[in-house]
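A quick write-up on the structure given underneath.
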There are 4 protein chains.
Amino acid sequence: MARSTLDAIYYGAIEAFSEKGYNDTSMDYVAEKAGVAKGTLYYNFKGKDELFLYVMKRGAHSLTDVITNVFDQPADPVTKWRNYISTQLAFFEQNRSFFRLIMQNMWGPNLLESVTLHELFHDYFVRMDQELQKAQELGLLSESMDISTLSASIFGMLTIPAIRSIVHDLPIDEEKRVNSITHTVLQSFKGGETI
Amino acid sequence: MARSTLDAIYYGAIEAFSEKGYNDTSMDYVAEKAGVAKGTLYYNFKGKDELFLYVMKRGAHSLTDVITNVFDQPADPVTKWRNYISTQLAFFEQNRSFFRLIMQNMWGPNLLESVTLHELFHDYFVRMDQELQKAQELGLLSESMDISTLSASIFGMLTIPAIRSIVHDLPIDEEKRVNSITHTVLQSFKGGETI
Amino acid sequence: MARSTLDAIYYGAIEAFSEKGYNDTSMDYVAEKAGVAKGTLYYNFKGKDELFLYVMKRGAHSLTDVITNVFDQPADPVTKWRNYISTQLAFFEQNRSFFRLIMQNMWGPNLLESVTLHELFHDYFVRMDQELQKAQELGLLSESMDISTLSASIFGMLTIPAIRSIVHDLPIDEEKRVNSITHTVLQSFKGGETI
Amino acid sequence: MARSTLDAIYYGAIEAFSEKGYNDTSMDYVAEKAGVAKGTLYYNFKGKDELFLYVMKRGAHSLTDVITNVFDQPADPVTKWRNYISTQLAFFEQNRSFFRLIMQNMWGPNLLESVTLHELFHDYFVRMDQELQKAQELGLLSESMDISTLSASIFGMLTIPAIRSIVHDLPIDEEKRVNSITHTVLQSFKGGETI
DNA sequence: CATGAATGAGGGTTCATTCAT
DNA sequence: GATGAATGAACCCTCATTCAT
């Protein structure tokens, strides 16, 4: 199959980088995990940077797919957000080490000259902004709320508890966590007279 | 003065690490920024890890000071949380590159064998948990909320928008952002019948 | 046509090697310049060494052709030598980068186990030795002169000024140079009482 | 002594490069020959290029010393040129592999961005040009001769026979060679009516 | 206390060569 | 005949660490 070598590299690289982080992962180790020779990595990618970026891009894409699928379903807004939260948390749970990798590298200096890893998640935030816009138009969300701040906040409400428990490698009462976060997120939509 | 060399190292190191991140900062560069010889770093610290940890500890301490000072003030809970948010955001703004450094390294694999950087922020979360506990006891916060999830969520509501704007190096309408986040946080305290 | 692939390789290789030298020319680059796949190079040649040797041999052959054509013309000796010089210099001028390539590799360690590149020019020196022998027999050249030293000297009188101006990429008063060198060479034939 | 490490590197490097040429000499091999660790090479030089250039510069300097010493002696011009030839040839003989190294690299592409190795020999040719100028003023050399061509030619008359015999590793009748070349060089000074 | 020359393990990258198609 | 994906040995270089001064 045409993609087989590339796929082997992808899965080996995601495993290697997730385990050790970008800097502590040697190309030798990636090659070993991928089951290919080191030269093959360089035959398919210009260098470590480009390989890493490829991994992150494929990963960011699958992350964005989650949000897209949820919000494209026909459902009332509250159900959508509830689904978004539980689906996203489940995704993090199923891809613990990769999610951790993302959180490590989202804030770094530019990896390549012009591309911040953060930009990879541009689509993600765009989709969330759209949905918040809709909520605002429906009167579910106060007009005074700054949408791009809120989308980042919601992302934070979700991810920080998730990454925190992952870093500590603690088992979590999944249902309780989903409920708490759902509550937090949905409350943030309500009323505007809190200040 | 006894502390002068150590201080020179501290300030040089924080500058160097903030600029380039842990891995891309060489001991040579730290020495240059600190204005001391490389050997002096090793005279004062066992190695790069220990030096970095020292920097992060002093930094985490000053971060924790913020939350402590705010919550120790006599004030009603709502005012306290409002102050906490604005003070914390101001701290991030004043220490942009160091805050970025923290966010990069909070989720990493254990830096030394037994110490996760995240543990450095243990005190921070403990203090917040205490305050949330109080709020719960005062009936400001629903009994059903999971406190450790909520404290992480609140941290996320604050930091992700902040780090996002720092990474993108965008100027921000500070007041609007504080208001949006304050609203979000305080709303999360309200009612429990959202689910 | 049978020779077309081989010729494509030859012209691509001579261009590539002349531009970058032996070591800095990759087989990939030769393949690109030749417009064939890398595997094709290995289908036609055992390896890089053999390919390079082939290029040098074809080149050395055309260099030797020059000297042969000149000395095979019926003319008096002085005219012959004058023609030799101007023709040779013109050849260098028309094949600047290839000539430079030759001069770089003439003195190296043996490229293959048993073949020095210098030996490629064996025919060249043999032909010159013959002509000097004739001159000696005609009494044009002192009996005391060592012919193999002289042929090398003459080659040096020609090539060093040529390569020097090529390396410096300087425009040259061609006529003046030919005259100077012709004078130098022909003078070396005269008298024997200088020592 | 302050220079001892640098000297060890110098002598090790000259030995290594002379034996294998620039490209086929690894930094590991230089370190081994020099009796220092590889890191020491990089502590003292930016890279392989700079180290090589240093070696060539020190070498070019000692080559230039020869010509300077000879021509600074009080003697009649003919004696000077005779001494120059024999001294230079002796120098080549005593530094066979280094001389070969020079001849290999004199014609290469620029090693660093702005410095051609050939420029290292600038002083050498300047000194020879001065001496030829003097000869012209004394009437020993025809006014019509192009000096910079002639200095290169003389260098060629000397070096090509020398390098040729070195490459072929042939024993040479030293005296006969000196005589032949001296004759050739001195003859080139005479008369101008050959053309 | 402080220094900086010296070290060497380890990493990213190149590239001549092979071989299944 | 020709191809190009795959290989892995070898190379240049970095940098945390040591230690004699």
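Below, chain A is the first sequence line, B the second, and so on; all start at residue 1.
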Side chain to side chain donor-acceptor pair (under 3.5 Å) partner of D:Tyr29, chosen from D:Glu19, D:Lys20, D:Lys38: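 Result: among D:Glu19, D:Lys20, D:Lys38, D:Glu19 is the only option passing the side chain to side chain donor-acceptor pair (under 3.5 Å) with D:Tyr29.
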
DNA chain F: A:Asn44 or C:Val36, which has the more 5' nearest nucleotide?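 Between the two, 5'-proximity favours C:Val36.
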
Could you tell me the separation between the [atom1] atom of [X] and the [atom2] atom of [Y], rounded to the nearest 0.5 Å?
{"X": "B:Ile14", "Y": "B:Asn95", "atom1": "CD1", "atom2": "CG", "result": "7.5 Å"}
{"X": "C:Tyr10", "Y": "C:Lys57", "atom1": "OH", "atom2": "NZ", "result": "13.0 Å"}
{"X": "C:Phe17", "Y": "C:Met56", "atom1": "CZ", "atom2": "CE", "result": "10.0 Å"}
{"X": "D:Asn105", "Y": "D:Phe52", "atom1": "CG", "atom2": "CZ", "result": "3.5 Å"}
{"X": "A:Tyr54", "Y": "A:Ile9", "atom1": "OH", "atom2": "CD1", "result": "8.5 Å"}
{"X": "C:Ile166", "Y": "C:Met103", "atom1": "CD1", "atom2": "CE", "result": "9.5 Å"}

OP1 or OP2 of E:dA6 sitting under 4.0 Å from any side-chain N/O of D:Thr5?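 Affirmative; the distance criterion is met.
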
Please state how far atom [atom1] in [X] lies from atom [atom2] in [N], giving the value in whole angstrom units.
{"X": "C:Ile9", "N": "F:dA2", "atom1": "CD1", "atom2": "C1'", "answer": "10 Å"}
{"X": "D:Leu41", "N": "F:dC11", "atom1": "CG", "atom2": "P", "answer": "14 Å"}
{"X": "D:Phe52", "N": "F:dC11", "atom1": "CZ", "atom2": "C1'", "answer": "17 Å"}
{"X": "C:Glu50", "N": "E:dA16", "atom1": "CD", "atom2": "P", "answer": "15 Å"}
{"X": "D:Glu32", "N": "E:dG8", "atom1": "CD", "atom2": "P", "answer": "13 Å"}
{"X": "A:Lys20", "N": "E:dG10", "atom1": "NZ", "atom2": "P", "answer": "12 Å"}

Base-paired stems that DNA chain E participates in, counting runs of 3 or more Watson-Crick or G-U pairs under 3.5 Å: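 DNA chain E forms these stems: E:2-21 with F:2-21.
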
Pairwise side-chain contact, C:Asp65 with C:His61, heavy-atom cut-off 4.5 Å (strictly under):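 SC-SC contact between C:Asp65 and C:His61 confirmed.
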
Heavy-atom check, side chain of A:Met27 versus side chain of A:Leu51, under 4.5 Å: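 In short, these two side chains touch, coming nearer than 4.5 Å.
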
Polar atom pairs between nucleotides 13-17 of chain F and protein, under 3.5 Å, N or O only, would you list them?
from: F:dC13; atom 1: OP2; to: D:Tyr42; atom 2: OH; distance (Å): 2.9
from: F:dC13; atom 1: OP2; to: D:Lys48; atom 2: N; distance (Å): 3.0
from: F:dC13; atom 1: N4; to: D:Lys38; atom 2: NZ; distance (Å): 2.3
from: F:dA16; atom 1: OP1; to: B:Lys48; atom 2: NZ; distance (Å): 3.1
from: F:dA16; atom 1: OP2; to: B:Met27; atom 2: N; distance (Å): 2.6
from: F:dT17; atom 1: OP2; to: B:Tyr42; atom 2: OH; distance (Å): 3.2
from: F:dT17; atom 1: OP2; to: B:Lys48; atom 2: N; distance (Å): 2.9
from: F:dT17; atom 1: O4; to: B:Lys38; atom 2: NZ; distance (Å): 2.8

